[in-house]
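To keep things clear, I will list the structure first and then write my remarks on it.
Predicted, not measured: the structure shown is a model, and the values here were computed from it. What you see below is based on every heavy atom in this structure, not just the backbone, and it leaves out hydrogens, waters and symmetry mates.
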Amino acid sequence: MADELVHYAVAGGTATITLDSPHNRNALSAQLRSELSAGLSRAAEDDEVRVIVLDHTGPVFCAGMDLKEARGAGAGDQGVNEFPRILEQLWTSPKPVVAKLAGPARAGGIGMVAACDIAVAVTSATFAFTEVRIGVIPAVISLTVLPRLNPRAAHELFLTGDTFDARRAAEIGLINSAVEPDALDEEVRRYVGALALGGPKALAATKTLLSSPRPATPADGFAEMTALSTRFFASPEGQEGITAFAQKRKPNWVPEA
């Protein structure tokens with residue numbers, strides 16, 4: 001049996017899903033895709049999990065699709081056909097997802113970073129949309145990347161394939177912060193701790209809200225949004241949060257330290 005390429009662990013309400021295929025720079029091989037998708041499903045369905053962290057071993061976060069598998073395969077057999085499921089799992093996960101990058105990301109790896117709610121990278125990490133340089137296009141990942149990026153930067157970087165660093169990635173909206181290597185763990189813990197303070201149902205609904213089309217004017221959406229807001233104020237979770245605030249205690253959904 002092949003060694004596991006994706007590890008899954010839960011501690012303190014956080015599920016850590018770790019890519020562990022350093023021999024090919026955590027490329028999205030068939031086995032890795034299958035195990036990653038299974039891990040994301042497992043975390044989404046586990047009521048004990050409040051936040052998901054997408055981590056990696058080795059010097060590279062993810063190099064994108066496994067080109068050795070892609071070489072010689074027909075259009076119907078390309079692994080990219082299965083990749084949208086992973087991006088959708090990350091994007092629509094009811095639990096917030098934090099990407100932790102201690103190294104570079106390329107192509108599909110960047111698509112996963114963009115699909116996560118929060119992304120933190122070390123300053124030495126680099127990024128590049130290298131697809132055009134091998135005669136393919138960043139079609140699938142554009143669906144998660146383009147909503148994040150400054151349009152001018154997207155045109156430049158998609159068309160040139162140029163490499164850019166983590167500081168620029170933060171400036172154009174691809175990641176949330178770029179930190180020195182010795183600060184990476186603490187920065188991820190900071191985000192995880194902040195996310196875990198939110199009500200589980202409220203976080204899931206807020207993620208949906210963030211991805212929903214905006215009405216043409218605020219007035220067009222007030223009725224729907226007022227109904228949504230009042231439903232959450234009156235819900236058991238909302239009432240617990242309001243009561244906890246009044247009693248100066250943590251709500252019952254906050255994981256034990």
Side-chain angles (χ1 to χ4, degrees), residues 2-3 5-6 17-37 40 54-91 97 99-116 119 121-175 178:
D3 291 338
L5 298 183
V6 177
I17 300 175
T18 305
L19 309 182
D20 186 19
S21 186
H23 71 281
N24 66 353
R25 306 196 307 161
N26 290 318
L28 293 160
S29 63
Q31 182 185 343
L32 187 142
R33 292 194 308 271
S34 175
E35 293 178 11
L36 174 55
S37 181
L40 291 169
L54 184 58
D55 200 355
H56 67 101
T57 65
V60 176
F61 173 76
C62 178
M65 298 305 299
D66 188 331
L67 297 183
K68 288 184 178 179
E69 291 184 352
R71 185 179 180 184
D77 298 321
Q78 292 290 344
V80 71
N81 290 316
E82 304 163 1
F83 188 44
R85 171 169 168 75
I86 291 172
L87 296 181
E88 183 176 8
Q89 285 178 289
L90 291 166
W91 189 273
V97 187
K100 178 183 179 183
L101 287 78
R106 295 290 186 272
I110 305 179
M112 293 198 300
V113 170
C116 294
V122 296
T123 52
S124 58
T126 60
F127 304 83
F129 300 101
T130 53
E131 287 87 346
V132 293
R133 296 194 176 187
I134 60 169
V136 298
I137 66 173
V140 173
I141 67 168
S142 71
L143 298 173
T144 59
V145 172
L146 292 182
R148 308 294 193 201
L149 292 195
N150 170 297
R152 277 290 183 192
H155 278 249
E156 171 197 344
L157 298 170
F158 270 41
L159 292 170
T160 65
D162 281 348
T163 300
F164 56 104
D165 64 19
R167 295 192 190 281
R168 187 167 189 212
E171 290 172 358
I172 63 178
L174 179 62
I175 65 174

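For the atom pair OG1 of Thr144 and CD1 of Ile86, the computed distance is 12.0 Å after rounding to the nearest 0.5 Å. Summarising the geometry, atom CG belonging to Leu32 is positioned 5.5 Å from atom CG belonging to Leu19; distances are rounded to the nearest 0.5 Å. Here the CG atom belonging to Leu149 is positioned 5.0 Å from the CD1 atom belonging to Ile172, to the nearest 0.5 angstrom. Between the CG atom of Asn24 and the NZ atom of Lys68 there is a distance of 7.5 Å, given to the nearest 0.5 Å. Between Arg106 atom CZ and Thr163 atom OG1 the span is 4.5 Å, to the nearest 0.5 Å. Expressed to the nearest 0.5 Å, how far OG of Ser21 lies from CD of Gln31 amounts to 7.5 Å.
Between the side chain of Asn26 and the backbone N or O of Thr57 there is at least one donor-acceptor pair closer than 3.5 Å. Panel note: side chain Glu82, backbone Ala30; no donor-acceptor pair is recorded below 3.5 Å. Not a single donor-acceptor pair under 3.5 Å links the side chain of His56 to the backbone N or O of Leu101. With hydrogens and angles ignored, the 3.5 Å screen pairs no side-chain donor or acceptor of His155 with any backbone N or O of Leu159. The backbone N or O of Ala139 sits less than 3.5 Å from a side-chain atom of Ser142, completing a donor-acceptor pair.
Side-chain contact check for Gln89 versus Met112: every heavy-atom pair is 4.5 Å or farther apart. Within the 4.5 Å cutoff, the side chain of Thr123 has no heavy atoms near those of the Asp165 side chain. Arg148 places none of its side-chain heavy atoms less than 4.5 Å from the side chain of Ile175. Side-chain contact between Val145 and Pro138 is absent, with no heavy atoms from C-beta onward closer than 4.5 Å. Between Leu36 and Leu54 the shortest side-chain heavy-atom distance falls below 4.5 Å. Side chains of Leu143 and Leu87 form no contact here, defined as non-hydrogen atoms less than 4.5 Å apart.
Counting non-hydrogen atoms of other residues, nucleotides and ligands closer than 6.0 Å to CD of Glu88 gives a total of 12 or fewer. In the displayed structure, Leu146 atom CG is contacted under 6.0 Å by more than 12 heavy atoms of other residues, nucleotides or ligands.
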Stepwise, does the side-chain contact (heavy atoms from CB on, under 4.5 Å) test hold for Val140 with Met65?
-> CA-CA 12 Å; Val140 173; Met65 298 305 299; over 6 Å; no
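In terms of heavy atoms, Gly103 sits closest to Ala125 at O-CB, 3.4 Å. The shortest non-hydrogen separation linking Gly64 to Ala107 is CA-CB, 4.4 Å. Residue Cys116 comes nearest to Leu90 through the heavy atom pair SG-CD2, 4.1 Å, listed as atom of the first residue, atom of the second, then distance. Across every non-hydrogen atom of Ser29 and Leu5, the tightest pair is OG-CD1, 3.9 Å. Closest of all the heavy-atom pairs between Phe83 and Gly108 is CZ-O, 3.3 Å. The minimum heavy-atom distance between Ala119 and Val113, with the atom names listed, is CB-CG1, 3.7 Å.
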Residues 127-136, side-chain donor-acceptor partners within the protein, below 3.5 Å, at least two apart:
| unit_1 | atom_1 | unit_2 | atom_2 | d |
| --- | --- | --- | --- | --- |
| Arg133 | NE | Thr160 | O | 2.9 |
| Arg133 | NH2 | Thr160 | O | 2.8 |
| Arg133 | NH2 | Asp162 | OD1 | 2.7 |

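Under the salt bridge (charged side-chain N to carboxylate O under 4.0 Å, His left out) criterion, Asp55 pairs with Lys100, not counting sequence neighbours.
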